[in-house]
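Data first, discussion second: the structure below is written as structure tokens.
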Amino acid sequence: MESRCGMRPRALVSLRLHSGSTSSTRAYFSNRITLAWPAPARTYTTMSEPRRSARLAASVPATAPAPATEAKPAARSAPTEEPPALAPIDIGDTLPSYTLRNEQGEDVDVSTLAAEQGVILFSIPRADTAGCTTQACGFRDIYPNFTEHNFTVYCLSHDTPEDQKRWQLKKELPYPLLSDPDRVLVAALGAKDSGTGKTKRGHFIFTKGGKLVEKRIPVSPTESPPLALEFVKSLDTKSAL
């Protein structure tokens, strides 16, 4: 209970001391005791702290999306230029003016090959292969016989000058080799296969001045050298008559 003054009541504690049969009051004292009533519970409204990811997102200023760019079409590669074709060389035609490289990497104008003497061109599919080595070594072995009749020999293939040079040294070929990587002269001579694009085996004989007088396509690698020499000898017989 509360007092009239609104103060909490004082509790009076009386202690009596008894000694024997006589009792007397030793003292009175009062003690103020404050009775504590539980304080009313208070309700606090708290705001949960936003997550760190949300705070970071809020601190970064929003950026406008980049405008969409129109995709450009892929650039087309320039078409590979085809080498100029030569007119077909048939019996009675002359060597055309066309530049090839020999096994030394030097430029050679085909039209000048027969300026001083007759020329035998023999075509092979590929250097340093079995059949081509047989044909090339066959011309090597009877090469002096051709020179006796004022003829020289050239090997014609699509191989690089470097490959031709290695093969020439390996087989000790005494005559030069001509590199026709695009088979331009090969095609003009009729020695390019229309189906596979490869070089056919053959030989072609030009007299002094560059006139084509003999063409053998195809021909076996063993028969090509002796057949060419036989034809060259026949030319001497005809000229003697």
Got a sec, which residues hit side-chain contact (heavy atoms from CB on, under 4.5 Å) with Thr133, two or more places apart in sequence or on another chain?
-> Asp128, Cys137, Trp167, Lys171
Residues passing the side-chain hydrogen bond (donor to acceptor under 3.5 Å, both in side chains) test with Arg126, sequence neighbours excluded, are none
List for me each residue that meets side-chain hydrogen bond (donor to acceptor under 3.5 Å, both in side chains) alongside Asp159, sequence neighbours excluded, and say none if there are none.
-> Ser157
Hydrophobic cluster membership, with links at side-chain heavy-atom distances under 4.5 Å among I/L/V/M/F/W/Y: are [X] and [Y] in one?
| X | Y | answer |
| --- | --- | --- |
| Val184 | Leu100 | yes |
| Leu156 | Leu212 | yes |
| Phe204 | Ile124 | no |
| Val119 | Val108 | yes |
| Leu173 | Val153 | yes |

Once you round to the nearest 0.5 Å, how far does [atom1] of [X] lie from [atom2] of [Y]?
| X | Y | atom1 | atom2 | answer |
| --- | --- | --- | --- | --- |
| His149 | Gln117 | NE2 | CD | 13.5 Å |
| Thr152 | Phe206 | OG1 | CZ | 13.5 Å |
| Leu227 | His203 | CG | NE2 | 5.5 Å |
| Leu121 | Asp180 | CG | CG | 10.5 Å |
| Cys155 | Gln164 | SG | CD | 6.5 Å |
| Asp193 | Lys200 | CG | NZ | 5.5 Å |

Shortest non-hydrogen contact from [X] to [Y]?
| X | Y | result |
| --- | --- | --- |
| Lys215 | Asp90 | NZ-OD1, 3.8 Å |
| Gln135 | Ser224 | NE2-OG, 3.2 Å |
| Asp182 | Lys192 | O-NZ, 4.4 Å |
| Pro221 | Pro225 | O-CD, 3.4 Å |
| Arg201 | Val219 | CD-O, 3.2 Å |
| Ser179 | Pro161 | OG-CD, 3.7 Å |

Can Val186 and His158 be said to form a side-chain contact (heavy atoms from CB on, under 4.5 Å), step by step?
-> CA-CA 9 Å; Val186 169; His158 81 288; over 6 Å; no
Please report the C-alpha distance between Val213 and Phe231 in whole Å, then the side-chain angles of each, then the deciding distance to 0.1 Å, and finally whether the side-chain contact (heavy atoms from CB on, under 4.5 Å) criterion is met.
-> CA-CA 10 Å; Val213 292; Phe231 188 86; 3.6 Å; yes
Contact between [X] and [Y] at the side-chain level, heavy atoms closer than 4.5 Å - yes or no?
| X | Y | result |
| --- | --- | --- |
| Asn150 | Asp236 | no |
| Ile205 | Phe151 | yes |
| Asp107 | Arg101 | yes |
| Glu103 | Pro176 | yes |

Could you please spell out the steps behind the side-chain contact (heavy atoms from CB on, under 4.5 Å) verdict for Ile120 and Leu229?
-> CA-CA 10 Å; Ile120 299 168; Leu229 181 58; over 6 Å; no
Ring pair (Phe, Tyr, Trp, His ring centres under 6.0 Å) filter on Phe146, not counting sequence neighbours, yields Phe139
NZ of Lys165: more than 12 outside heavy atoms within 6.0 angstrom?
-> yes
Would you sort out whether Tyr175 and Phe122 count as a ring pair (Phe, Tyr, Trp, His ring centres under 6.0 Å), showing the intermediate values?
-> CA-CA 11 Å; Tyr175 45 81; Phe122 71 92; 5.7 Å; yes
Exam field: side chain Thr147 to backbone Pro144, donor-acceptor pair closer than 3.5 Å | yes
Under 3.5 Å: donor-acceptor pair, side chain of Glu214, backbone of Ala228 | no
For residues 109-116, dump all side-chain donor-acceptor pairs below 3.5 Å to protein atoms at least two apart in sequence or in another chain.
from: Asp109; atom 1: OD1; to: Tyr98; atom 2: N; distance (Å): 3.4
from: Asp109; atom 1: OD1; to: Ser111; atom 2: N; distance (Å): 3.2
from: Asp109; atom 1: OD1; to: Ser111; atom 2: OG; distance (Å): 3.0
from: Asp109; atom 1: OD2; to: Ser111; atom 2: OG; distance (Å): 3.2
from: Thr112; atom 1: OG1; to: Asp109; atom 2: O; distance (Å): 2.7

Which other residues end up in the same hydrophobic cluster as Leu169, if Ile, Leu, Val, Met, Phe, Trp and Tyr are linked when side-chain heavy atoms come under 4.5 Å apart?
-> none
Do Arg183 and Thr199 pass the side chain to side chain donor-acceptor pair (under 3.5 Å) test, and can you show the C-alpha distance, the side-chain angles, and the key distance before you say yes or no?
-> CA-CA 8 Å; Arg183 296 183 173 90; Thr199 304; 2.9 Å; yes
